[in-house]
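Below is one structure, written out as structure tokens; the observations come after it.
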Amino acid sequence: MAIAQTAPDTPVEETKSDADIIVTGSRIDRPGFDAPTPTTVLSAEDLKVGDRPTLAQALTDLPQFRIAGTPVTTTASSVSSSASIDLRGLGGNRTLTLLNGRRYIGSAELTTIPQALVGRVDVVTGGASAAWGSGAVAGVVNIGLNDKFKGLGLGISSGISSRGDTARYTFDATYGASFADGRGRFVIAGEYEREGGAGGRNGTERPNLDSALFQTATGQLILARDVNFIDAFPGGVIRSGPLTGQAFNPDGTLSPIVLGSQTNSNSTLGGNSRSLFDYIAVSSPYDRFNVFGRVTYEVADWATVWADGSYAQISAPDRESLAESIRASAVAGGFVMSIDNPYLRPEVRAQLAGGPSTFRLGRIIGDAGPLGHIRASGLRDYMDVAVGVDGEFGGSWRYSAYYNHGTIWNNDALGNQRIVANFNRAIDVVSSPTTGQPICRVALTDPTTACRPMNIFGEGNISREALAYAFGEARFRSVSKLDAVAASIRGEPLSLWAGPISVAFGVEARWESQSNTADQGSLDRIYSVVNYAPLAGSFNVKEVFAELLVPLVKNEGAIEVDLNGAARYSDYSNSGGIWTWKAGATARIASDILLRAVRSRDIRSPSIGELFTTRSSAIFNVSDPFRGNSVVAVFRFTGGNPALTPEIARTTTLGVTYSPRFLPGLRLSVDAFDIQIDDVIGGLSAQDIVTQCFNGDQRLCDATTRDANGVLTSVSATSLNLASYKTRGLDLEAAYTKTFSGDHRVSARALATFVDRLLIDDGVNVYDRAGDVGEVNFSMPKWRATGTIAYGTGPFDATLRVRYVDGGNYNSLLTIVNNKIASRTYVDLGFGVKVGNLDLGLQVNNLFDRDPPLVNYASPIYEVIGRYMSATARLKL
């Protein structure tokens, strides 16, 4: 751990060669140039604060980011261990991530680059498509590598929560050296991390994580804890006939479900039943490994060639996500059972004899361990290689060119799903006319059947043979490829009265493809939840771009004014040609004040995944306004749509920075942003789809599925061109660094973001989601802030960080009695000491163990793990 440093005004690489200068907000690389687009710079030391295990988690501590998700919050989902970033809450796919100024495969997954090799990160908080192409609608994150690292660096980190779970172990190694009398350099780095996860009943271990919407007897919606099912039970509950409400004990006898303080037709508060949260882990375990290597060689004074190569693997082991039969039986009306089933005890059969010949059973099949639960697992491999050349000619001209190829191999599995036909045959049990033993009814006409009878009356009575026959695993493998080539030239063709004009121009092209294969069971659509589908899709784009910097006024110490403009033409194979542009200006007054303004037209073309990816699933509680706001658990399916068209954004930012000469080390800035995106590509939450269907949007009604009784069972949230997003707000930053007598060092930095509005316009209704903090999608606090104070003297340093997350409504679209969610303030504390070549650190995040409020269990906005302690050791040789 080291004391945080205040970032310089101009985001440039601290290198000896001007050819290495990178201004992320612009293609112009003139030293001292102030780009009009606001840029926040994080040094390697800044990224170490909090000892976050992934770069994505370190970045999302900044208030400009909406916390899109981390590897430990992607629970109950077939998307495993993802770590992404999301500027402005506009979706992670509207934030473009670059590596040393170039595109690379898997850029949405910020776990593929060894953190020890990251020298700095520039965050451009404004539209930059004209400079960097599609995807830079909300901004650009450029990861700058420390490719000049020399020597050997070794690091180890270990952490654990105060509850004794989520144990984490991380190891990394970096080595760099020069060769050929300094004309060549190489560096290689690797990293391994294991995250143990946290399972068990959320409500028992961590307060408030078992909260859910509950409909009272008077029809009101409330947020409550310990909401348990009464239409499904671990041993089975009878849902029709004379014994309705009676649950099966392990020995097959009956006893009533113990109800809680309040009860409706589906659930109860408290009692002895189970809920969604008994089967979903708080934190998902995963393993990841990555390695990156880079070599550069100066072949001549005018040319330096380089090559990068990287490989990463992320694996998520099988984990229980939800007893699938909760939804399949409780929501869909229950399984139809015959009263002549030989597994029924005689006294139970006798009590049922006075009613219909069949009854419905709600069953949670969780008694046979893993075989009773849907289990999601994944394995992703990333490979990326790139070669390029940088150089200069003619005195003031520079050039760059590169070619990049990358591949992602993704293997996903959703196991222990019901094989619908097999399951239905297995629970339809009769007595054998010859032996008197229980057999599948189908065996009466097909003696060779593989069907094995299933006793689902009471926990622990299902045979392994019946489970193996009735449950299966859906599998798919996808291969995604990216090929990109680019070349650019930058220079100063002439000078005006205020200084030289700078230009940058170039060409880019990229080819993206994806192909999926699925198991035979999925092809035959035999599974109850997800049946993967094979697909193949691709697109390409060819682009030309240019940027211009014109100095208008140059009076050093008084006023300096620059104009900056850029344009790009992109020709997409699937949607045709489209223009993007940017126009901006800066004015530096008396060397202390910098005024900046920029207006841009940005685009985001559909990604390969949005166009062609197969669907994945997750489970959410939804309040159904069509049925009196009854709360049901439904599957939300997501997937691609080849009919998508590009989205277009218009962004305006206005800002001022103040760095007073009378107080060196102080820097203040305020930037206002206004972004409107039309023809948005995205998916709504399950709740939003149902609510907006109720409000009259037929397109979204078509995305819902109900059973024969009208009960909502699933929601399809495939990618759509929605009408528009609009957001506006303020970014504020203050930073101060001071060295006192001797070696006493103090630095402070505070960042805050205020979101005035986040409008979602679906073409029928307009909703402002700013201040909604309970849902997973479109959760956006009005305020987020982070403040850090660091002190160092000699080999010792200490860091205190305070993170504030505003409260708001759980969901402003619903009428909830206790809709208001309280804010949270988290305190992090870190200490470091240097002993020779060894750096030792101790970090405590969420020092006071603040519990999350009553929000969705998967909400990434508030801390769900609780107090977390970690220790680090780094050796430099």
Decide side chain to side chain contact (heavy atoms under 4.5 Å, CB included) for T653 and D671; before the verdict, give the C-alpha distance in whole Å, the side-chain angles of both, and the deciding distance to 0.1 Å. CA-CA 7 Å; T653 59; D671 289 282; 5.6 Å; no

Kindly indicate, with the supporting measurements, whether the criterion salt bridge (Lys or Arg N to Asp or Glu O under 4.0 Å) is fulfilled by R294 and D147. CA-CA 7 Å; R294 179 177 175 87; D147 58 0; 3.0 Å; yes

Could you walk me through whether L62 and L751 pass side chain to side chain contact (heavy atoms under 4.5 Å, CB included), step by step? CA-CA 7 Å; L62 296 178; L751 301 100; 4.3 Å; yes

Take Y104 and D308 through the side chain to side chain donor-acceptor pair (under 3.5 Å) test and state the conclusion after the steps. CA-CA 11 Å; Y104 67 105; D308 292 346; over 6 Å; no

Go through it in stages, so that I can follow the logic: the residues are R52 and D61, the test is salt bridge (Lys or Arg N to Asp or Glu O under 4.0 Å), and I'd like the CA-CA distance, side-chain angles, deciding distance and then a yes or no. CA-CA 9 Å; R52 298 300 195 185; D61 283 332; 3.0 Å; yes

Can you check side chain to side chain contact (heavy atoms under 4.5 Å, CB included) on I143 and L55, steps first, answer last? CA-CA 10 Å; I143 303 170; L55 185 58; 3.6 Å; yes

Take L90 and I675 through the side chain to side chain contact (heavy atoms under 4.5 Å, CB included) test and state the conclusion after the steps. CA-CA 10 Å; L90 297 173; I675 304 172; 4.0 Å; yes

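Between D806 and P781 the shortest heavy-atom distance is O-CB, 3.7 Å. Of all heavy-atom pairs spanning S134 and E543, the tightest one is N-OE2, 4.5 Å. Residues T739 and R745 come closest through the heavy atom pair OG1-CG, 4.4 Å. When all heavy atoms are compared, the tightest approach of A58 to L47 is CB-O, 3.9 Å. Among all heavy-atom pairs drawn from A401 and D390, the shortest one is N-OD1, 4.4 Å. Residues P551 and G499 approach most closely at CG-O, 3.5 Å, considering heavy atoms.
Salt-bridge check for R510 with E512: passed, with a basic side-chain N closer than 4.0 Å to an acidic carboxylate O. Ionic pairing of D592 and R661 is present here: one or more N-O contacts between side-chain nitrogen and carboxylate oxygen are shorter than 4.0 angstrom. At a threshold of 4.0 Å, the pair R120-D122 counts as salt-bridged, since one of the basic side-chain nitrogens sits closer than that to a carboxylate oxygen. A salt bridge links D384 and R102; the closest N-O separation between the charged side-chain nitrogens and carboxylate oxygens is under 4.0 Å. Between D562 and R588 there is no salt bridge, since no side-chain N of the basic residue sits under 4.0 Å from a carboxylate O of the acidic one. Looking at R749 and D46, a side-chain N of the basic residue comes within less than 4.0 Å of a carboxylate O on the acidic one, giving a salt bridge. Using a cut-off of 4.0 Å between Lys/Arg side-chain N and Asp/Glu carboxylate O, K554 and E560 are scored as salt-bridged.
Of the possible donor and acceptor atoms, none in the side chain of D678 sits under 3.5 Å from a partner among the backbone N and O of S724. Looking at S575, its side chain never comes within 3.5 Å of a backbone N or O of Y572 through a donor-acceptor pair. Side chain of S573 to backbone of F539: no donor-acceptor contact under 3.5 angstrom is found. Side-chain atoms of E547 come within 3.5 Å of backbone atoms of R27 as a donor-acceptor pair (strictly under, hydrogens ignored). Between the side chain of R568 and the backbone N or O of A130, at least one donor-acceptor pair lies under 3.5 Å.
Residues E109 and T112 bring no donor and acceptor atom of their side chains to less than 3.5 Å of each other. Using modelled atom types and a 3.5 Å distance limit, the side chains of D483 and Y403 yield a donor-acceptor pair. Side-chain contact of R490 with S400: a donor-acceptor pair under 3.5 Å is present, judged by distance alone. Judged purely by distance below 3.5 Å, without hydrogens or angles, the side chains of D731 and T753 pair a donor atom with an acceptor atom. A side-chain donor from one of N540 and K542 sits under 3.5 Å from a side-chain acceptor of the other.
A cation-pi arrangement is present between R88 and F673, with the terminal nitrogen or guanidinium carbon under 6.0 Å from the aromatic centre and inside a 45° cone about the axis. At least one cation-pi condition fails for R667 and Y658: the charged atom is not both under 6.0 angstrom from the six-membered ring centre and inside a 45 degree cone around its axis. Cation-pi check for R599 over W581 is not met; the charged atom does not lie both under 6.0 angstrom from the ring centroid and within 45 degrees of its normal.
Counting heavy atoms of neighbouring residues, nucleotides and ligands inside a 6.0 Å radius, atom CD1 of I789 does not exceed 12 of them. Atom CH2 of W397 has more than 12 heavy atoms from other residues, nucleotides or ligands within 6.0 Å.
Contact check for V124 versus N142: no side-chain heavy atoms found under the 4.5 Å cut-off. The closest side-chain heavy-atom distance from I677 to R94 is below 4.5 Å.
Between F754 and W783, a ring centre-to-centre spacing shorter than 6.0 Å is recorded.
Checked options T652, D674, D756; the residue passing with R728 is D756 (criterion: side-chain hydrogen bond (donor to acceptor under 3.5 Å, both in side chains)). Tested against H405, the residues I105, V485, V385 include a single side-chain contact (heavy atoms from CB on, under 4.5 Å) partner, V385.
Taking W579 as the reference, Y569 meet the ring-ring contact (aromatic ring centres under 6.0 Å, His included) condition, with sequence neighbours excluded.
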